[in-house]
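Just follow the structure's listing: the first ligand is 1, and inside any ligand the first atom is 1. The chain is numbered in sequence order, starting from 1.
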Amino acid sequence: MIRKFLAGLAVMAGLSPVFSPVAALAQDDVERQIDALLAEMTLEEKIGQLTQYSSFWDATGPAPQGGEQEEKFDQVRDGRVGSMLNVVGRDEVRAVQELAVEDSRLGIPLIFGYDVVHGHKTIFPIPLAEAASWDLDLIEQSARIAAIEAAAQGLNWTFAPMVDISRDPRWGRVMEGAGEDPYLGSRVAVARVNGFQGDDLSADDTIAATIKHLAGYGFSEGGRDYNTVDVGSVTLHNIILPPFKAAIDEANVRTAMNSFNTLNGVPATGDSYLQRDLLKGAWGFDGFIVSDWGSGREMIDHGFAASERDAAELAIEAGSDMDMESYVYRDHLADLVESGDVDIALVDDAVRRVLRVKHELGLFADPYRYVDDPAQEDILMAPAHRAIALEVAKDSIVLLKNEDSLLPLKQGEKIALIGALAADKDTPLGNWRAAGESDTAVSVVEGFEAAGVDFTYREGAAVQVGEAGFPQPVVVNTSDRSGFDAAVAAARKADKVVLVLGEDGLQSGEGRSRSDIGLPGVQQELLEAVHAANPATVLVVMSGRPLILDWADANIPAIVQAWHLGHESGHAIASVVTGAHNPGGKLPMSFPRSVGQIPVYYNYLNTGRPGPLENEVFWSHYNDLPNTPLYPFGHGLSYTGFAYSELEIVQNAGAVTVSVMVENTGEMAGEEVVQLYLRDPVASVARPVRELKGFEKVMLVPGEITQVTFELSGAELGFYDQHGNFTVEYGAFEVYVGGSSMADLGASFTRTGD
Ligand code: BGC
């Protein structure tokens, strides 16, 4: 198991709950009840609501050692704890909830949080992969199922979705986000929050979502996790913040998490501009903000707080409401209030926010609503959940290259299936696998068997040596080539080779930044040896991030990006390579040609010296590489072809309607993500060469032609200036529509006034 759950705690004997089950209250009544409760609470009890403990030590960061577990539960009984994380399971949650509800003076229920990121028990593709589906309905369903399963195990709150935009695949946490683009990132954020929270937060199968990490965490220098972030206000407002705002405005997300990093010199946990001025001020967010693990205390190491007391003061003043595992509120907030250094109104506001979300979840009406029915857990890994996991996995796969239609495999072909990852039942579960059990994914070997492929399997080379575990890093195999000969022999005998290479499931994720993002270990050598033996080689890449695939692109005829696809991985991959499913995924993040190009992203600024210029030196470029990525944002092939024509723009009273005809020109039914990009060539702030402003996924049978229409309003045409003000300007705009960010069908219009 990845997470160690609460151990050795007896289920408390059945005292009756202090709150009787009643229907969710109207918002005014909720606020009145909170007023009444606040009036009764001691300062210690208020601080308790702002304190969150984990049920185990050393989850994702340092925490004090010793026999303090019991002590924590005594504090729950004393009303000194408002939330627990990493307590999972009906019995476990009930046991701890009873300590709070039956034993504490006011019986305020705890809220139970957990990192339910890409599935709870049924594991879905990693979020970056799901974003490659561009299928918002499926993404919402994936989050919905994760919530249903998490709620069935007593959880009320997930620390997801991570909405950090990132342009740096060295950063291990790109696997957890939706990629590099703020528009796609916003749509995905809204879909995920809607999935987790559902229509009615008080239902017993919906959970509160968290947008994280506020803010800029994905822009850490050099892609090194937890590192410094320095970005200008134009990037902050136009690239980083939009998914946060969209999740608040459009999905009423109930919680946010701040981040470990400094942003322009200020640790996010102590950043009042982000938390008070923007989130709680201008954006009207009325949920609560939780710190990241220990991030309050870490402000001392940042050189921002002089002491833990100082850190507590800075955090509460900046608007960080709940303290996850850094104990600075627990240990210092009472003194800060009593000495007059912190206004009690700040504490009351934070407590009110926490209590509000607990009310909305229905925990006051019935603190055991998530744990009272033993049948709740029957839903875990339900066939219907796995069926959706398969749908999402298939749609997340991106066909990067397919020369001479090497794929799909043809009936009767003899296949050599090579690579340790092809037999791996663990890696596809990815990094944040919540309650997913190790070694339970369908491997590619199993997928091929089920699909009736005629194949021989050879490992070729192990990816890792020793046992991979959490949180230990994966130790990569850099010397064992003993399986090469057998793999090469199998390749020689086969009609085609399917070679599955890439990253172990725990090689990306938190704390797993890499400076070299090529195929790890001896896998590149294996690829070259196998290809030399049989050029009809298909490379299937499993990874939690874009890898450097320059050699493969130059030499291997077919490349499939298969990420870490969750439980149904092997079935999904088999279905794509055999052609049972026609791939339609599109990259949510650019694939660089080399690490030296990073950051490389599609929505860059033009510079004063754009190119390319032939036989010229003094333009913005590298002498040894093109500026373009290997595979651009939005790229993804299909077994059929799509043609775009008749791009038309109609302006009517300020609204802009763009329409285009899309035709399936091939011989197989297929899905295409029709993408609309905008350019504002002259503006008061330099604007990107292209920005995604709309997309629609269409399914077309061979020969079918359809019209796709997009509406552009001020929201799409405008931008944030360098002072963070949103502005919509007049003048010319260019529009490009097509199947990737390189779309070449263009038209323009002029905005002259509404
Ligand atoms: C991560 C958060 C996560 C938390 C709790 C931290 O290390 O940065 O994203 O929610 O741990 O597990």
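- Heavy atoms of Y114 come nearer than 4.0 angstrom to ligand 1 in no pair at all.
- Residue W293 places no N or O, backbone or side chain, under 3.5 Å from any N or O of ligand 1.
- The shortest N or O to N or O distance between K212 and ligand 1 is under 3.5 Å.
- The residue from V117, T210, D292, L85 that puts a heavy atom closest to atom 4 (C) of ligand 1 is D292.
- If you look at M162 next to ligand 1, there are no close heavy atoms at all, none under 4.0 Å.
- Between W171 and R545 there is no side-chain heavy-atom pair separated by less than 4.5 Å.
- The neighbour count for R224 CZ, taken as heavy atoms of other residues, nucleotides or ligands under 6.0 Å away, does not exceed 12.
- Not counting sequence neighbours, the partners of H213 by the ring-ring contact (aromatic ring centres under 6.0 Å, His included) test are Y217.
- Annotation: cation-pi pair R192/F196 absent, no NZ/CZ under 6.0 Å from the ring centroid and within 45° of its normal.
- D286 meets the side chain to side chain donor-acceptor pair (under 3.5 Å) test with R254; sequence neighbours excluded.
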Just do the side chain to side chain contact (heavy atoms under 4.5 Å, CB included) check on R353 and F285 with the steps written out, would you? CA-CA 10 Å; R353 289 168 177 273; F285 173 67; 4.3 Å; yes
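- Residue R173 places at least one N or O, backbone or side chain, under 3.5 Å from an N or O of ligand 1.
- When the heavy-atom distances from atom 12 (O) of ligand 1 to D115, T158, V290, D225 are ranked, the shortest goes to D115.
- Every atom of ligand 1 is numbered from 1 in the order shown, and the set under 4.0 Å from a heavy atom of F159 is 10 (O).
- Cation-pi geometry between K212 and W432 is satisfied (NZ or CZ under 6.0 Å from the ring centre, within 45° of the ring normal).
- Interface of H213 with ligand 1, defined as ligand atoms under 4.0 Å from a residue heavy atom, comprises 2 (C), 8 (O), 9 (O).
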